[in-house]
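First the structure, in the form of structure tokens, and then the observations on it.
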Number of protein chains: 2
Amino acid sequence: MDEVFKALADASRRSLLDRLHAKNGQTLNELCDGLAMTRQAVTKHLGILEAANLVTTLRHGREKLHYLNPVPIHQIGERWIKKFERGKLAALSELKRQLEKRDE
Amino acid sequence: MDEVFKALADASRRSLLDRLHAKNGQTLNELCDGLAMTRQAVTKHLGILEAANLVTTLRHGREKLHYLNPVPIHQIGERWIKKFERGKLAALSELKRQLEKRDE
DNA sequence: AATATAGGCAACCAAATGGTTGCATGTCAA
DNA sequence: TTGACATGCAACCATTTGGTTGCCTATATT
């Protein structure tokens with residue numbers, strides 16, 4: 001879980017996921033296109049995404065195809081975000097109550 | 001949005017949010033209890049959470065009360081995670097298809 | 001007034017991070 | 001088989017990060 005959060009913390013990596021979301025199964029060079037970064041930097045980012053299991057790769061000859069794995073993202077939503085949704089209204093009204101109490 | 005992702009990337013900070021979720025409106029020292037960290041380290045973490053608008057503070061005399069703000073977490077869920085949920089099944093079946101094609 | 005308590009500020013530090021360059025390897029095509 | 005192309009590996013670098021220590025300030029308490 002920690003690896004996933006860490007992987008998602010970087011905007012370049014999130015944009016790589018976006019690109020794979022738009023078009024799945026891209027090669028490294030394809031993913032490099034238009035990015036202000038060297039190919040090696042992209043390789044590192046993809047490595048981190050792969051380590052976090054957010055991306056799966058498949059070799060096809062000399063090409064390496066990158067596929068998005070949406071499962072860990074879904075898990076973050078289920079196991080983490082939803083927990084805070086439940087308490088959401090309660091937390092906000094408690095805060096509001098305290099803010100008002102301040103002026104007494 | 002980037003600030004929120006960055007703030008959530010650290011396990012210590014996520015655990016601080018957990019503690020505020022369990023009991024809202026805690027003081028700095030209260031939040032330090034049981035953590036293997038100095039008070040100053042916790043201060044820094046809380047500062048980052050506050051900058052990301054995940055925590056709101058309220059001074060009460062010499063105490064500083066910390067309140068959880070669940071809105072940014074909710075937004076991550078709405079604006080980011082949900083996007084990948086939509087393509088989820090499609091992405092997985094595409095990946096499955098490619099994995100099978102490999103053996104041809 | 002004296003002391004304890006809650007928190008703030010700033011300098012410093014080691015390790016992690018995000019990036020680079022240079023070179024090597026594997027694979028396809030003419 | 002000889003380029004050309006797709007990717008891999010490794011060393012290096014600056015900046016950020018997560019943490020520390022030491023000291024200072026402000027508010028309670030007695």
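Everything numeric here is computed off the predicted structure, so don't read it as measured data. Within every chain, numbering begins at 1; the chains are lettered A, B, ... in the order of the sequence lines, protein sequences first and strands thereafter.
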Could you walk me through whether His74(A) and Phe84(B) pass the ring-ring contact (aromatic ring centres under 6.0 Å, His included) test, one step at a time?
CA-CA 8 Å; His74(A) 182 246; Phe84(B) 288 92; over 10 Å; no
Worked check of side-chain contact (heavy atoms from CB on, under 4.5 Å) between Arg19(A) and Glu30(A):
CA-CA 10 Å; Arg19(A) 301 180 77 158; Glu30(A) 221 171 335; over 6 Å; no
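dT17(D) atom C1' lies 15 Å from atom CD of Glu3(B), rounded to whole Å. Atom-to-atom, NE2 of His66(A) to P of dG8(D) comes out at 7 Å; the value is rounded to the nearest Å. For Arg14(A) and dG18(C), the CZ to P distance is 11 Å, given to the nearest whole Å. dA4(D) atom C1' lies 13 Å from atom CG of Asn29(A), rounded to whole Å. Note: CD1 (Ile48(A)) to C1' (dG19(C)) measures 11 Å, nearest angstrom. Following rounding to the nearest Å, His60(A) (NE2) and dT27(C) (P) show an atom-to-atom distance of 13 Å. In this entry the distance linking NZ of Lys6(A) with C1' of dA16(C) reads 9 Å, nearest Å. Between the P atom of dA24(C) and the CZ atom of Arg62(A) lies a distance of 20 Å, rounded to the nearest Å.
Between Leu17(B) and Leu8(B) the shortest side-chain heavy-atom distance falls below 4.5 Å. Side-chain atoms of Asp2(B) and Asp10(A), non-hydrogen and from C-beta on, never get closer than 4.5 Å to each other. Here the side chains of Phe5(A) and Arg14(B) are in contact, with some heavy-atom distance below 4.5 Å.
Between the base of dG19(D) and the side chain of Arg39(B) there is no donor-acceptor pair shorter than 3.5 Å. No hydrogens or angles were tested; on distance alone, nothing pairs the side chain of Gln40(B) with the base of dG7(C) as donor and acceptor under 3.5 Å.
When each of Glu63(A) and Met37(A) is assigned the nucleotide of DNA chain C bearing its nearest heavy atom, the one mapping closer to the 5' terminus is Met37(A).
Nearest to the side chain of Leu28(B), among dG19(C), dG19(D), dG8(C), sits dG8(C).
Contact annotation: Lys64(A) does not reach the phosphate of dG26(C) (side-chain N/O to OP1 or OP2, under 4.0 Å). In this structure, Thr27(B) does not reach the dA6(C) phosphate: none of its side-chain N or O atoms is under 4.0 Å from OP1 or OP2. In this model, the phosphate group of dG7(C) is not approached by any side-chain N or O of Arg59(B) to a distance below 4.0 Å at OP1 or OP2. The phosphate of dT20(C) (OP1 or OP2) has a side-chain N or O of Thr38(A) nearer than 4.0 angstrom.
Nearest heavy atom pair, residue Ile76(B) against residue Met1(B), reads CA-CE, 4.2 Å.
Defining each end axis of the helix from dA1(C)-dT30(D) to dA30(C)-dT1(D) as the rotation carrying four pairs' C1' atoms onto the next four, with five pairs an end, the two axes are found to diverge by 20° to 10 degrees.
Side chains of Thr57(A) and Glu50(A): a donor-acceptor N/O pair is present below 3.5 angstrom, by distance only.
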